[in-house]
Amino acid sequence: MKNFLSVADVSNTNELVQKALAYKNNPLVDKHLGAGKRMGLLFLNPSMRTRLSTQIAAANLGMECIVFNVGQEGWSLEFEEEAIMSGTTVEHVKDAAPVLGKYFDILGIRTFPTLKDKAEDYSEFYIKQFVKYSGIPVVSLESATVHPLQSLTDIITISETWNSPLPGRGAGGEVRRPKVVLTWAPHIKALPQCVANSFAQWVNAWGEADFVIAHPEDYELDKKFTGNATITHDQNYALRDADFVYVKNWSTYTDYGKIYNNDPKWMFDNAKLALTNQAKVMHCLPVRRNVELSDEILDGANSIVTQQAGNRVWAAQAVLSEVLENSKRFPAFKTI
Ligand code: CP
């Protein structure tokens, strides 16, 4: 794996999931793989889970990590080609990224969308500028339209839960595919479509689930991510017999970045859970309690959000190991 920007960089989703689960069983098995290597984690936006889990994953592989909160501590970056920099931006990515390429062997980057310019966001302009100018492997820590480390984590979590010997599930003898439902939930802010896009893309690539997406009218996602998923505006219908429910808000895609609906009836609570097959409930976090998900769900036995967030380490470790192994075959790494 040269870069990790989306599921398209993964040759076999299931193999990557199994690798992550093997790391979960034996975190330090590859503790020398990243020896002498250094990863830069650049955050243009806030983070808790991504930042910490990636650092832990790198440490498990023997790799040093340096975090740089560009959005708060760095010079304001310019991304437009041929910009006349007489405004507020101080440094062009063309100048900054090659320097980062000298300091680091792998670059992790988190950027968010503008939610104003759909064409620019959906071209993944910002992260691609770092790929173009850094000259080193780039790992997405969430970009304008996708969050692949989160989605890999989500598939890992569904896979291990479905295949664990719980009553009526997986290793208990069950061979059917799980029914996985992604449902929109209300939120007070206009949020990116990244997590929903990415989850849909990864579930489709994984191909091991019956996949349903429920959202209010006018909240359609880009079809390039949803593929052949069943899509409905009837949340109760979608939830029927669900084995996993992934709850997430997103803003409108067609009329880009808007909030059309904040109907609290879409919040996932125990009445909704009762429609499911005792579904396990997922959310990427951070979550707005009693807006997206009720307290009773988050504090109840069906929530697997903490297990899910814990698995961020193993997803990151599997991805970083793939990038490190690739760079051993094609050694472009440098010392300063
Ligand atoms: N889920 C997720 O990416 O969390 P952070 O924003 O805290 O990294």
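Whatever order the structure lists ligands and atoms in, that order sets their numbers, starting from 1. Predicted, not measured: the structure shown is a model, and the values here were computed from it.
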For ligand 1, is there an N or O atom under 3.5 Å from any N or O atom of P46?
-> no
For ligand 1, find out whether one of its N or O atoms is nearer than 3.5 Å to an N or O atom of C284.
-> yes
For [atom], grab the closest protein heavy atom and report residue, atom and distance to one decimal in Å.
atom	value
atom 2 (C) of ligand 1	R312 NH1, 3.4 Å
atom 6 (O) of ligand 1	R110 NH1, 2.8 Å
atom 7 (O) of ligand 1	M48 N, 2.7 Å

Donor on one side chain, acceptor on other, S251 and Q193, under 3.5 Å |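 Side-chain D/A pair, S251 to Q193: present.
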Which of the ligand 1 atoms, numbered from 1, are nearer than 4.0 Å to a heavy atom of Q150 =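 Near Q150, meaning under 4.0 Å from one of its heavy atoms, ligand 1 has 1 (N), 2 (C).
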Would you list the atom pairs, donor with acceptor, under 3.5 Å between side chains in residues 39-49 and any protein atom, with sequence neighbours excluded?
residue, atom, partner, partner atom, Å
N45, OD1, F112, N, 2.9
S47, OG, T50, N, 3.4
S47, OG, R51, N, 3.1

Who gets closest to atom 3 (O) of ligand 1 by heavy atom: R49, Q308, H147, E142?
->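 Answer by nearest heavy atom: H147.
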With sequence neighbours excluded, what pairs up with K258 under the salt bridge (charged side-chain N to carboxylate O under 4.0 Å, His left out) test?
->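 In terms of salt bridge (charged side-chain N to carboxylate O under 4.0 Å, His left out), with neighbours along the sequence ignored, K258 is linked to D255.
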Residue pair K118, D222: steps toward the salt bridge (Lys or Arg N to Asp or Glu O under 4.0 Å) verdict | CA-CA 11 Å; K118 181 157 120 178; D222 187 342; over 6 Å; no
Where does V195 meet ligand 1, judged by heavy-atom distances below 4.0 Å: at the side chain, the backbone, both, or neither?
-> neither
W250 side chain to V195 backbone, donor-acceptor under 3.5 Å | no
Taking Y253 as the fixed residue, which of F225, Y122, Y219 is the one that meets the ring pair (Phe, Tyr, Trp, His ring centres under 6.0 Å) rule?
->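 That would be Y122; it is the only one of F225, Y122, Y219 passing the ring pair (Phe, Tyr, Trp, His ring centres under 6.0 Å) with Y253.
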